[in-house]
**Student:** 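Sharing a structure, written as structure tokens. Questions coming.
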Amino acid sequence: MSAFHFEGLVWHWPIAIYLFLAGLSAGAVFFAIMLKHFKLAHEAWHSPFVQAAAIIAPLAVFGGLGILVFDLTRPLDFWKILVFYNTTSVMSMGVLVLMAYQLVLFAWIACVFQRRISLLLGQRFSLANKLLTWLVRQEAAITGILVILAISLGAYTGFLLSALIGFPLLNNPVLPLLFLVSGLSSGAAATLLGGVLLRGNPNGVEVRFIHGIEIPLILVEIGLLFTFFAGLILSGGQSQVAAINALGFGFWGWIFWAGVIGIGLTLPLAFNLWMKVSADRKFAYVAVTASFSLIGVFLLRNFILYTGQMTGV
């Protein structure tokens with residue numbers, strides 16, 4: 001038995017990437033909406049950070065779905081899960097949320113970048129311009145629906161793993177909330193990294209706003225991880241065995257303590273606190289901190305996916 005191949009393994013690394021990208025997309029959208037609503041208003045389309053989120057969010061979803069399709073036993077039959085829905089299937093309902101999320105996401109992007117899109121369209125596409133004008137009038141409703149769908153998508157990544165019956169580490173009510181919070185954290189990091197790469201001001205209002213939310217997010221994530229494993233250990237039986245196996249100092253134990261806790265949570269928290277009290281933020285600080293957060297969330301997805309399947313009831 002190895003860390004990546006063992007008896008009882010149902011889902012492997014492509015699912016971890018899919019879960020990571022879905023959560024990242026939801027988080028990037030959430031922070032783009034927060035930036036527009038609380039800080040940038042009608043000038044949001046000028047911000048490199050909102051632009052980065054508008055690029056990252058759809059690409060992350062498309063990438064995740066692409067990986068999911070290629071991982072199917074019969075990839076060419078993928079269209080069936082887009083047409084036929086089973087209300088008792090977590091996977092099927094997740095696909096429905098994803099489809100609705102993408103539709104509303106593009107409508108919101110059209111609203112935010114309406115001026116730029118109108119310039120590109122000119123007067124030649126009158127029908128498209130009329131549709132764009134109508135969407136802008138519905139922006140408040142579109143934004144509200146998108147927030148709900150983004151939060152649902154972030155939580156769904158945890159519910160999907162909970163659907164694997166018979167694995168005590170995965171059948172945990174804290175898991176959807178943990179994945180939602182870590183997804184928001186990865187979305188914040190991706191938005192920051194993308195924004196500074198697009199030459200956004202690393203000491204600008206967007207970075208300060210996101211960092212102000214990131215610190216409590218990291219603290220909440222640490223608290224959820226403690227609650228997650230404390231509940232398993234205190235439950236006894238196979239739940240306790242699953243927690244001890246996961247946290248032990250084997251391969252996945254080191255991934256958790258050094259990767260998730262060290263690189264993914266402790267270092268970003270320390271950097272964020274240091275930048276909060278320092279005079280200004282620099283490109284390197286923002287980029288490195290965001291990269292650490294992304295690495296930590298990616299490792300967390302893999303850690304939960306693999307260790308969760310190692311111990312069954």
Side-chain angles (χ1 to χ4, degrees), residues 1-24 27 71 90-91 94 154-186 189 216-270 292-313:
M1 184 179 77
S2 71
F4 295 95
H5 300 281
F6 48 86
E7 186 179 351
L9 182 65
V10 179
W11 285 345
H12 51 125
W13 61 266
I15 300 299
I17 297 177
Y18 164 65
L19 296 173
F20 170 72
L21 291 175
L24 185 151
D71 192 51
V90 176
M91 176 72 80
Y156 155 72
T157 59
F159 282 117
L160 180 62
L161 289 187
S162 298
L164 282 178
I165 305 299
F167 297 99
L169 194 145
L170 299 179
N171 303 144
N172 191 314
V174 180
L175 188 59
L177 188 55
L178 174 62
F179 270 31
L180 170 60
V181 172
S182 64
L184 293 177
S185 181
S186 68
L217 262 183
I218 293 172
L219 295 175
V220 169
E221 191 174 347
I222 292 171
L224 287 171
L225 279 169
F226 176 81
T227 304
F228 182 84
F229 284 107
L232 288 168
I233 292 170
L234 295 175
S235 296
Q238 289 299 98
S239 296
Q240 187 178 72
V241 172
I244 292 172
N245 287 343
L247 297 175
F249 286 97
F251 174 83
W252 288 113
W254 283 110
I255 289 293
F256 178 78
W257 293 110
V260 177
I261 298 298
I263 295 174
L265 292 172
T266 304
L267 289 179
L269 180 61
F292 283 159
S293 293
L294 288 170
I295 291 169
V297 175
F298 179 70
L299 292 177
L300 175 65
R301 294 294 195 267
N302 280 276
F303 169 78
I304 294 292
L305 180 71
Y306 279 98
T307 58
Q309 296 176 82
M310 285 181 174
T311 304
V313 175

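These numbers come from a predicted model, not from an experiment. One is the number of the first residue; the rest follow in order along the sequence.
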**Student:** Checking the side chain of S293 only, and the main-chain atoms of S186 only, is there a donor and an acceptor separated by less than 3.5 Å?
**Tutor:** no
**Student:** Can you tell me if S185 uses its side chain to pair, donor with acceptor, with the backbone of V181 under 3.5 Å?
**Tutor:** no
**Student:** Mind checking side chain to side chain contact (heavy atoms under 4.5 Å, CB included) for F251 and listing every partner two or more places apart, or none if nothing turns up?
**Tutor:** A3, F4, I255
**Student:** Of all the heavy-atom pairs spanning L160 and L19, show the shortest one and how long it is.
**Tutor:** CD2-CD2, 3.8 Å
**Student:** So which atom in L170 and which in Q309 form the shortest heavy-atom distance, rounded to 0.1 Å?
**Tutor:** CD1-CG, 4.2 Å
**Student:** Quick check: do L24 and L294 have side-chain heavy atoms less than 4.5 Å from each other?
**Tutor:** yes
**Student:** Can you tell me how far OG1 of T227 sits from CG of L232, rounded to the nearest 0.5 angstrom?
**Tutor:** 11.0 Å
**Student:** So, for P168 and T311, which heavy atoms are closest and what is the spacing to 0.1 Å?
**Tutor:** CD-O, 3.3 Å
**Student:** With a 4.5 Å heavy-atom cut-off, do L175 and F159 have their side chains touching?
**Tutor:** no
**Student:** Sequence neighbours left out, what passes side chain to side chain contact (heavy atoms under 4.5 Å, CB included) with I218? Give chain and number order.
**Tutor:** I222, L265, P268, L269, N272
**Student:** Could you note down all residue pairs passing side-chain hydrogen bond (donor to acceptor under 3.5 Å, both in side chains) where residues 297-307 supplies at least one of them, sequence neighbours left out?
**Tutor:** S182-R301
**Student:** Report the C-alpha distance between W252 and N245 in whole Å, list the side-chain angles of each, state the deciding distance to 0.1 Å, and finish with yes or no for side-chain contact (heavy atoms from CB on, under 4.5 Å).
**Tutor:** CA-CA 9 Å; W252 288 113; N245 287 343; over 6 Å; no
**Student:** For the residue pair Q240 and I233, what are the closest heavy atoms and their distance?
**Tutor:** NE2-O, 3.0 Å
**Student:** Show the nearest heavy-atom pair for residues L169 and A246, with the distance to one decimal.
**Tutor:** CD1-CB, 3.8 Å
**Student:** Hey, is CZ on F228 packed in by over 12 heavy atoms from elsewhere, all under 6.0 Å?
**Tutor:** yes
**Student:** Please report the shortest heavy-atom distance between G23 and T157, naming the atom on each side.
**Tutor:** N-CG2, 4.2 Å
**Student:** Should F167 and L161 be marked as a side-chain contact (heavy atoms from CB on, under 4.5 Å) after you check the CA-CA gap, both sets of side-chain angles, and the distance that decides it?
**Tutor:** CA-CA 10 Å; F167 297 99; L161 289 187; over 6 Å; no
**Student:** Measure the spacing between CG of L300 and CZ of F256 and express it to the nearest 0.5 Å.
**Tutor:** 8.0 Å
**Student:** State the CH2-CZ distance between W257 and F303, to the nearest 0.5 angstrom.
**Tutor:** 8.5 Å
